[in-house]
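So you know, we letter chains A, B, ... as the sequences are listed, proteins then strands, and number each from 1.
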There are 2 protein chains.
Amino acid sequence: MLAIGTLSRRTGTKVQTIRYYEEIGLMNEAGRTAGGQRRYDEKDLDRLAFIRHSRQLGFSLDSIRELLDLADNPAQSCSEADSIARRQLGQVEQRIKRLQALKKELRRMVAECDGDSVAECKVLEVLRDHSECLTEHNEIGA
Amino acid sequence: MLAIGTLSRRTGTKVQTIRYYEEIGLMNEAGRTAGGQRRYDEKDLDRLAFIRHSRQLGFSLDSIRELLDLADNPAQSCSEADSIARRQLGQVEQRIKRLQALKKELRRMVAECDGDSVAECKVLEVLRDHSECLTEHNEIGA
DNA sequence: CTTGAACCTCTATCAGCTGTAGCTTGTATC
DNA sequence: GATACAAGCTACAGCTGATAGAGGTTCAAG
């Protein structure tokens with residue numbers, strides 16, 4: 001029987017985060033001691049590790065919920081898990097593209113600025129005027 | 001004298017967002033009509049455009065606050081604006097690196113999965129076991 | 001003068017946690 | 001069995017950066 005702190009250490013998840021996952025129904029309600037403390041078994045540990053690893057790979061909690069449902073029913077076809085992963089891959093690729101456009105603008109901004117007074121600062125000038133930009137870059141709604 | 005909706009249309013910022021920027025002190029408190037509606041001038045429009053463009057380039061509202069302060073005092077050296085932009089560039093580069101590691105893992109995951117039953121789904125297997133990963137990827141705290 | 005689009009304030013909501021306050025429990029040591 | 005204290009508990013506020021909705025008021029065109 002594992003205490004919440006042990007789960008926390010073994011998975012690198014904060015104690016509050018584990019309680020939060022229980023609250024939103026990602027983790028099952030943990031069993032309790034007579035005094036009311038949560039106790040876990042190896043299955044709980046595995047589930048939490050799955051969640052954390054998925055988060056590290058950028059999956060949303062909603063996607064993780066779907067993936068866990070799939071993992072709980074081993075008889076189904078895995079094509080759904082596959083498509084969740086593909087969707088995630090697509091999103092990551094989109095974000096990379098957007099960030100690369102940003103990077104380009106930022107580099108140009110920084111490179112052209114020669115450290116004179118604010119009045120002729122290239123950085124501020126570019127920020128003031130979007131038409132100075134070469135690319136479409138938009139991090140809002142990323 | 002411009003109404004809030006005009007500012008909204010001219011900068012592509014939602015009306016609520018403009019009010020929010022006023023609330024958190026990014027935009028100055030707008031003048032009001034006798035009936036209490038906000039009215040703006042061209043300077044306000046420029047300021048909002050600056051904020052929006054900075055957001056599109058991924059700057060945080062705190063960074064934008066600093067940049068606006070600098071832009072308001074044209075006599076200073078621009079080295080501070082420069083370093084804010086460099087910091088932002090560094091963060092963008094970090095995020096790109098992290099996302100590329102993610103992308104690599106996701107591609108491998110998806111490529112190796114051949115659509116059989118969930119029981120032998122490669123996607124789910126990788127999620128279960130981080131040791132199957134080739135790279136360090138961590139999107140948490142990005 | 002009437003209409004109705006656009007404005008107002010206030011409050012709640014989203015993801016995904018994180019932190020704090022104030023209290024209780026479990027366990028190791030004596 | 002007593003004691004100390006780390007680790008647990010609940011409940012709630014706060015973070016970023018907005019966005020949505022309810023319910024009411026104002027402005028400007030016709």
Do any side-chain nitrogens or oxygens of [X] fall under 4.0 Å of OP1 or OP2 in [N]?
X     : N      : answer
B:R9  : C:dA6  : no
A:K14 : C:dG16 : no
A:Y21 : C:dG16 : no
B:T17 : D:dT19 : yes
B:T33 : D:dT26 : no

Within this structure, what is the [atom1]-to-[atom2] distance between [X] and [N], rounded to whole angstrom?
X     : N      : atom1 : atom2 : result
A:Q16 : C:dC17 : CD    : P     : 12 Å
A:Y20 : D:dC9  : OH    : P     : 18 Å
A:E22 : C:dC17 : CD    : P     : 16 Å
B:I24 : D:dT16 : CD1   : C1'   : 9 Å
B:E23 : D:dT16 : CD    : P     : 13 Å
B:I51 : D:dT16 : CD1   : C1'   : 16 Å
A:L26 : C:dA15 : CG    : C1'   : 12 Å
A:Q91 : C:dA15 : CD    : C1'   : 14 Å

Considering only NZ, NE, NH1 and NH2 on the basic side and carboxylate oxygens on the acidic side, decide whether [X] and [Y] come within less than 4.0 Å.
X      : Y      : value
B:E112 : B:R107 : no
A:R86  : A:D82  : yes
B:E125 : B:R128 : no
B:R10  : B:E42  : yes
B:R108 : B:E132 : no

Apply salt bridge (charged side-chain N to carboxylate O under 4.0 Å, His left out) to [X] and list each qualifying residue two or more places apart in sequence or on a separate chain.
X     : result
B:R47 : B:D72
B:R87 : B:E66
B:R39 : none

Atom pairs, N/O to N/O, protein against nucleotides 8-10 of chain C, distance under 3.5 Å?
from, atom 1, to, atom 2, distance (Å)
C:dC8, OP1, B:R38, N, 2.8
C:dC8, OP1, B:R38, NH1, 3.0
C:dC8, OP2, B:R19, NH1, 2.4
C:dC8, O3', B:R32, NH1, 3.4
C:dT9, OP1, B:R32, NH1, 3.1
C:dT9, OP1, B:R32, NH2, 3.0
C:dT9, OP2, B:R38, NH1, 3.0
C:dT9, OP2, B:R38, NH2, 3.0

Let me check something: any side-chain donor-acceptor pairs from residues 12-30 of chain B under 3.5 Å, sequence neighbours excluded? List them with distances.
from, atom 1, to, atom 2, distance (Å)
B:T13, OG1, B:T11, OG1, 2.7
B:Y21, OH, B:R52, NH2, 2.6
B:E22, OE1, B:R38, NE, 3.0

DNA chain C-proximal residues of residues 53-71 of chain B, any heavy atom under 4.0 Å
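Of all residues in residues 53-71 of chain B, none places a heavy atom under 4.0 Å from DNA chain C.
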